[in-house]
Amino acid sequence: MTYKNKDKIRKKLKYDYKGWALKKASDEIKNDKLFIIEILAKNPLALEFVSKELQNDKKVVLEAIKAHPDAFQFASEELKNDKEFVLEAIEISDRIIKYASFNLRNDKDVAFKIIKRGAYSIKDMSHSILADKDIILPAVKVGPLVYYSVSNELKNDREVTLAAIRRNGYLMEAITSQEFKNDKEIVLAAMIEVGDTGSSYVLHYASPELRNNPVFKFRNYSTLKELSVLIDNVENFERLPLRFFESGNSDILEFAIDLVRDKLKCLPESDENKNYVKEIAKLMKNTIERNHKQLEIDAQPKNDKERYDKLIDDSFDELKSL
């Protein structure tokens, strides 16, 4: 049975979201552009049943995408491989990319366009794109859930992992590297991002060593927040609060020293970085000495400065190869 009456088709489609009634329409109606645009506004998936000509019509397909991005699966192969059109369609919804041609799902321009739209649909790009750090690093900063889909190589990339964690601490569950589970900076960043309510969840995926670290174990959010300034810049060591340098808080200060050391370990080898490491070691010693004197003036418990100096020296000996 072929439907030739538009009103009848409208009536049939009223409760037919996928547009099955249009499948029985005459070829003339299936190729009636104005009528089809009207239908697609409420029944976007009916694009599957329109004429081949209209499935290749940019205006028609865009109208369908506006109503539902999944309608793009029924566009012509020509449009699915039309870069200019796909970039325009992404402005409406980046979800359409999963139906684009492989060439466009492997295209960097398309990838960066998706990042501007929120990045999540990067997951539907090619394996090559999902293994490209130049694309994935900015992507996880915008849409951290992309981290679930990136290549194993990039899941083992500390910079990518930290960038994702800083935007969504619950991604600790997606970390596969045991080294990262035992990374003070990554776990600290995760706990800061999730706040008090999610700290237990984060620690569940951290290493046993860090779960038992006093700084994490007692989960004083104020202390963690104050330590987190080191994530942004190790030179912020001199900004740490005076109470960290009291004898009763040695665990916190040692944690801070370890955190700085671990961050500096990630620097590439160069003469410039060797000098920078020396400057940071000097800054840390001077900061400890200055606060130690302040604590003596205020009649606070005295710290063993020599012990901290040795801890810094021992820690930074590991960095001489930089």
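By convention here, the first residue in the shown sequence is residue 1.
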### Message
According to a hydrophobic-cluster definition based on side-chain heavy atoms being under 4.5 Å apart (Ile, Leu, Val, Met, Phe, Trp, Tyr only), do Phe102 and Ile135 belong together?
### Response
no
The reported gap from NE2 in His204 to CD in Glu173 (rounded to nearest 0.5 angstrom) is 9.5 Å
Identify every side-chain donor-acceptor pair in residues 185-195 under 3.5 Å, counting partners at least two apart or on other chains, and give the distances.
residue: Glu185; atom: OE1; partner: Arg158; partner atom: NH1; Å: 3.3
residue: Glu185; atom: OE1; partner: Arg158; partner atom: NH2; Å: 2.6
residue: Glu185; atom: OE2; partner: Lys263; partner atom: NZ; Å: 2.8
residue: Glu193; atom: OE1; partner: Gly169; partner atom: N; Å: 2.7

Notebook entry, point to check: Phe49 and Phe74: aromatic ring centres closer than 6.0 Å?
Noted result: no
**Asked** Is the backbone N or O of Val140 less than 3.5 Å from a side-chain atom of Arg167, with the two atoms forming a donor-acceptor pair by type?
**Response** no
Value for CG (Leu79) from CZ (Phe85), rounded to nearest 0.5 Å, stands at 5.0 Å
Check ion pair Asp94-Lys113 (N to O, under 4.0 angstrom): no
In this structure, CG of Leu62 is separated from CG of Leu40 (nearest 0.5 Å) by 11.5 Å
Practice prompt. Spell out, as yes or no, whether a donor-acceptor pair under 3.5 Å connects the side chain of Arg105 to the backbone of Ala100.
Written response: yes
Check: Are the charged groups of Lys80 and Glu77 less than 4.0 angstrom apart, N to O?
Finding: yes
Any sub-3.5 Å donor-acceptor pair from Gln55's side-chain atoms to Leu47's backbone N or O?
yes
Give the C-alpha distance, both sets of side-chain angles, the deciding distance and a yes or no for side-chain hydrogen bond (donor to acceptor under 3.5 Å, both in side chains) between Glu226 and Tyr221.
CA-CA 9 Å; Glu226 289 166 323; Tyr221 189 72; over 6 Å; no
For a 4.5 angstrom cut-off between non-hydrogen side-chain atoms, does Lys33 reach Lys59?
yes
Any side-chain to backbone donor/acceptor pair from Asn156 onto Asn152? Under 3.5 Å, distance only.
yes
| Are any of the side-chain nitrogens in Glu289 or Lys293 under 4.0 Å away from the carboxylate oxygens of its partner? | yes
* To do: Using the six-membered ring wherever Trp is involved, compare the ring planes of Phe255 and Phe216 and label them parallel, tilted or perpendicular (cut-offs 30° and 60°).
  => perpendicular
Smallest heavy-atom separation, Leu137 atom then Ala163 atom, equals CD1-CB, 3.8 Å
